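By convention in this document, chain letters (A, B, ...) are assigned in the order of the sequence lines, proteins followed by strands, and residues within each chain are numbered from 1. This is a predicted model, so every value here is computed, not measured.
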2 protein chains.
Amino acid sequence: MSIGGTASTTAVLRVMNERAVFAEIFKLGKVSRPELAQATGLSKPTISMALADLERARLVRPIGLRTGNAGRAALLYEIRPQAGWVLAVDVGREFVRLALADLVGDIAARRDEHRKGGETPGELVAWLAGLARELVDEAGVDLADITLTVFGTPGIHDKETCSLQLAPNLPGWGRPGAIELLAGVAGEAPYLVENDVDLAAVGEGAYGLGQGMAHFALVWIGTGIGMGIVIDGKLYRGYQGAAGEISYMPVGEGDPLVNRGRGMLESVASADGVVALATRLGMRGVTSAKDVFDAARAGDDVARQVVAAEADHIAHALAGVIAVLDPEMVVLGGGIGAQAGDLLIGPVADGLRDLVALRVPMIRASTLGTEAVLLGAMAVGLTKARDLVFERAVAQAPPG
Amino acid sequence: MSIGGTASTTAVLRVMNERAVFAEIFKLGKVSRPELAQATGLSKPTISMALADLERARLVRPIGLRTGNAGRAALLYEIRPQAGWVLAVDVGREFVRLALADLVGDIAARRDEHRKGGETPGELVAWLAGLARELVDEAGVDLADITLTVFGTPGIHDKETCSLQLAPNLPGWGRPGAIELLAGVAGEAPYLVENDVDLAAVGEGAYGLGQGMAHFALVWIGTGIGMGIVIDGKLYRGYQGAAGEISYMPVGEGDPLVNRGRGMLESVASADGVVALATRLGMRGVTSAKDVFDAARAGDDVARQVVAAEADHIAHALAGVIAVLDPEMVVLGGGIGAQAGDLLIGPVADGLRDLVALRVPMIRASTLGTEAVLLGAMAVGLTKARDLVFERAVAQAPPG
DNA sequence: CGAACTTTGTTAGAGACCTTGCCAAATTTG
DNA sequence: CAAATTTGGCAAGGTCTCTAACAAAGTTCG
């Protein structure tokens with residue numbers, strides 16, 4: 001029902017207005033009272049009241065006078081950065097990345113660590129906890145100051161069993177309750193677990209090519225294949241959280257059943273698939289997809305053939321995605337998407353022209369590279385943390 | 001930014017509360033003041049004030065006393081049905097259907113007319129306008145009483161050019177500005193034009209199998225193929241309004257370029273595709289898909305083979321859809337989906353088990369049949385009309 | 001059949017919030 | 001240094017909602 005809205009009393013009205021002021025300060029940065037009055041439509045006394053409350057809750061702070069204009073100098077306010085801290089953790093297949101940022105998103109400390117591989121969940125969590133403590137020390141804050149932690153991992157997070165599905169590279173995490181171990185990484189703070197590719201899409205929307213775009217998709221091609229979907233500016237997860245798991249899309253020739261267990265698209269289009277095809281066509285000494293792409297750039301005919309085949313596979317998969325979602329843009333990310341973007345974007349877009357009913361959406365290579373997941377986790381965390389700190393502050397100290 | 005909300009004054013608060021009361025009456029039907037107070041959390045005096053305002057605006061009316069319980073009899077209120085009228089129009093390929101309903105959704109008059117075919121847009125609009133006038137007369141209301149008209153048509157509605165794309169069966173409607181002709185069908189009221197399959201999905205969500213479901217898709221298989229997508233309970237249209245145009249999905253064998261101009265999935269899975277395959281396999285006297293399905297039910301081996309192939313094509317297309325969207329349910333509708341649901345549901349679900357990564361969503365046959373589009377148009381219209389009449393009433397007569 | 005009980009609806013008083021209008025303070029401009 | 005301009009604060013007034021008490025109208029039980 002579109003007619004909705006909850007019934008409210010005047011106290012709720014006050015909270016709504018304070019929230020609006022808080023949000024406006026985030027949007028505008030350093031801002032004066034008259035500017036806030038202008039932006040929110042509220043009167044000067046109301047703005048002053050709201051600011052007094054927010055300052056008492058230590059969510060904002062006065063930052064000094066703005067002089068230079070005619071008239072009395074305005075006292076500027078800004079978000080108090082230390083009002084919240086967000087820990088973002090990218091638990092990748094080969095690397096672990098962590099970043100600690102304050103409430104305005106400035107990164108105070110970060111780590112990139114190579115994984116040894118084969119850790120048990122307990123070992124992994126212990127390691128991450130140690131790294132988190134290092135970050136917190138480095139930033140000069142306390143573990144208890146962390147507002148929220150966001151983890152990005154492969155696989156999908158099953159809320160019923162608290163386990164990870166479809167994450168073959170994280171052994172032991174499929175067991176019921178395993179994910180709850182992550183609660184121990186950073187103090188008592190709440191935590192979120194999201195699919196890594198989904199987060200990369202959010203990152204692309206917050207800091208990359210998807211800024212201000214309502215509907216787009218990020219296709220992640222590397223050792224595996226996945227897709228993150230942003231609809232109406234928000235991450236779309238699907239019913240089971242499996243939206244965008246396109247590795248199983250039926251693409252390419254051959255008996256689909258042969259490829260059971262690994263997705264059909266994944267088996268032909270992932271890094272391994274590229275290497276396999278190159279070898280099959282007679283290339284020598286190829287150990288990684290990067291070798292193939294480098295050879296193609298150098299003019300190797302067989303390598304170019306492999307690239308063309310790869311582009312064709314991607315185009316066919318994207319044709320299905322586009323037919324279903326009709327996005328404004330498709331971003332290619334992940335190892336292959338980012339490394340070979342220059343080689344693939346053109347042929348993929350060309351191929352799509354024959355496969356798509358209407359206009360072909362923009363096809364772009366991600367500009368965020370390996371940072372996408374971490375940035376997405378940070379974006380999710382910051383958004384959520386802003387709500388959390390406000391909710392807490394308003395709940396604790398209600399009236400004036 | 002998740003922290004949002006607009007700043008408000010107390011006058012806005014009053015409107016919010018009145019809107020909440022209005023919505024609650026829609027939800028509960030005949031309802032007393034104490035029940036409204038309970039449901040909205042507002043106090044008795046506030047409920048009385050809101051009801052007085054709503055009654056003065058002629059949006060609700062007292063309906064009598066509820067006696068029987070202990071204590072004083074409660075005065076019941078309900079939505080005044082005549083507070084708004086919605087005209088729903090399904091402009092199909094072979095039929096035109098119209099329904100006129102009051103604000104609570106009771107259908108006061110309707111028509112089902114066979115199309116002559118080949119009308120110009122002007123002729124079609126004139127015909128529809130005549131039918132609309134008949135409906136209005138039959139219901140005993142005036143053309144000016146119509147709050148909103150919703151049209152469902154094939155093709156997608158391009159807002160920039162005001163034309164219909166991808167609607168080969170509606171000649172003349174691709175011209176820029178053509179759609180604006182529809183404004184003349186029902187007085188001065190605002191109107192909406194939506195894709196017919198999208199509306200069918202909305203109908204399924206409002207009156208059919210999708211009730212209370214957040215994410216589902218309706219696949220429409222008939223003379224053409226399309227899909228309507230509901231995400232978070234709302235219709236998802238995509239960037240260009242082409243979301244769910246799966247007729248072009250690359251499915252099945254053969255050179256895709258051969259099928260250019262007609263979608264690849266559409267060419268093999270639509271009604272024509274079924275007839276074509278049956279003929280190719282040696283069936284005689286087959287003129288419609290229904291013949292094939294009847295023969296399959298009667299035990300004809302070749303027909304069963306055609307059905308199996310059809311199910312296989314649908315399963316492969318759905319595998320792509322499910323990989324992207326991860327819906328809770330997929331409904332099969334349209335001529336083939338509804339008529340042959342009994343034959344297809346099982347094999348399609350079985351086929352999907354080998355093509356889908358996680359749990360296969362529910363696969364169901366639509367229960368709404370040919371009514372789906374009209375019901376969807378009505379659902380869209382009613383939702384919008386409820387907003388419209390409230391907005392108008394509150395804007396006209398603000399305070400008490 | 002009537003008194004006690006229960007629920008409904010209204011009225012009065014009070015509290016919370018926002019706004020307008022006015023005035024003081026602080027800074028630039030001439 | 002005075003005029004102009006902008007900022008910030010204060011007081012008065014209006015709107016909205018809530019609580020509490022009361023009146024009205026039905027049922028239940030003796």
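- When the side chain to side chain donor-acceptor pair (under 3.5 Å) test is applied to S43(A), the partners found at least two apart in sequence or on another chain are T46(A).
- Between the CZ atom of R33(B) and the C1' atom of dC18(D) there is a distance of 17 Å, given to the nearest Å.
- What separates CE of M16(A) from P of dC18(C) is a distance of 10 Å, to the nearest Å.
- When side chains are defined from C-beta on, I231(B) counts as touching Y236(A), because their heavy atoms get closer than 4.5 Å.
- Atom pair R14(A):CZ and dG15(C):P shows a separation of 16 Å (rounding to whole Å applied).
- For R80(A), there are no side chain to side chain donor-acceptor pair (under 3.5 Å) partners, not counting sequence neighbours.
- Atoms NE2 and CZ, from H157(A) and F151(A) in turn, are 11.0 Å apart once rounded to the nearest 0.5 Å.
- Nearest to the side-chain atoms of A73(A) among the listed nucleotides dT17(D), dC18(C), dT27(C) stands dT27(C).
- In the set dT19(D), dC18(C), dT17(D), the nucleotide with an atom closest to the side chain of P45(B) is dT19(D).
- Atom C1' of nucleotide dG9(C) and atom CE of M49(B) are separated by 13 Å, given to the nearest angstrom.
- The distance between atom CD of E35(B) and atom P of dG9(C), rounded to the nearest whole Å, is 10 Å.
- As a whole-Å value, the separation of I47(B) CD1 from dC16(D) P is 15 Å.
- M213(B) places a side-chain heavy atom less than 4.5 Å from the side chain of M329(B).
- Within the model, atoms CG of N17(A) and OG1 of T9(B) stand 8.5 Å from one another, a figure rounded to the nearest 0.5 Å.
- Contacts between residues 58-66 of chain B and DNA chain C, defined by a heavy-atom separation below 4.0 Å, involve no residue at all.
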N/O contacts under 3.5 Å, protein versus nucleotides 28-30 of chain C?
residue, atom, partner, partner atom, Å
dT28(C), OP1, T67(A), OG1, 2.8

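- For K44(B), whose side chain is taken as the heavy atoms from C-beta onward, the closest listed nucleotide among dT17(D), dG9(C), dC18(C) is dG9(C).
- Expressed to the nearest 0.5 Å, how far CD of E204(B) lies from OG1 of T367(B) amounts to 5.0 Å.
- Cation-pi contact between R33(A) and Y77(A): absent, since separation from the ring centre below 6.0 Å together with deviation from the ring axis within 45° is not met.
- The CG atom of L13(B) sits 19 Å away from the P atom of dG15(C) (whole-angstrom rounding).
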- [ ] Verify side-chain contact (heavy atoms from CB on, under 4.5 Å) between T147(A) and R392(A), making sure each step is shown before the conclusion.
- [x] CA-CA 11 Å; T147(A) 313; R392(A) 266 179 223 160; 4.0 Å; yes
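- Relative to the axis of its first five pairs, the axis of the last five pairs of the helix from dC1(C)-dG30(D) to dG30(C)-dC1(D) sits at 0°, rounded to 10 degrees.
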Task: E138(A)/R110(A) under salt bridge (Lys or Arg N to Asp or Glu O under 4.0 Å): CA gap, chis, key distance, verdict - done: CA-CA 9 Å; E138(A) 201 174 315; R110(A) 71 164 288 177; over 6 Å; no
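- Taking only side-chain nitrogens and oxygens, S43(B) comes nearer than 4.0 Å to OP1 or OP2 of dC18(D).
- You'll find that the side chain of A74(A) is closest to dG8(D), out of dG26(D), dG8(D), dC17(C).
- Between R72(A) and T10(B), the residue anchored nearer the 5' end of DNA chain C, judged by the nucleotide with its closest heavy atom, is T10(B).
- At the heavy-atom level, S48(A) lies under 4.0 Å from the strands shown only through sugar-phosphate atoms.
- Under a 3.5 Å cut-off, the side chain of Q211(B) and the backbone N or O of Y207(B) do form a donor-acceptor pair.
- Residues satisfying the side chain to side chain donor-acceptor pair (under 3.5 Å) criterion with E78(A), sequence neighbours excluded, are K30(A), R61(A).
- We find that CG of D53(A) is positioned 13 Å from C1' of dA16(C), with the value rounded to whole Å.
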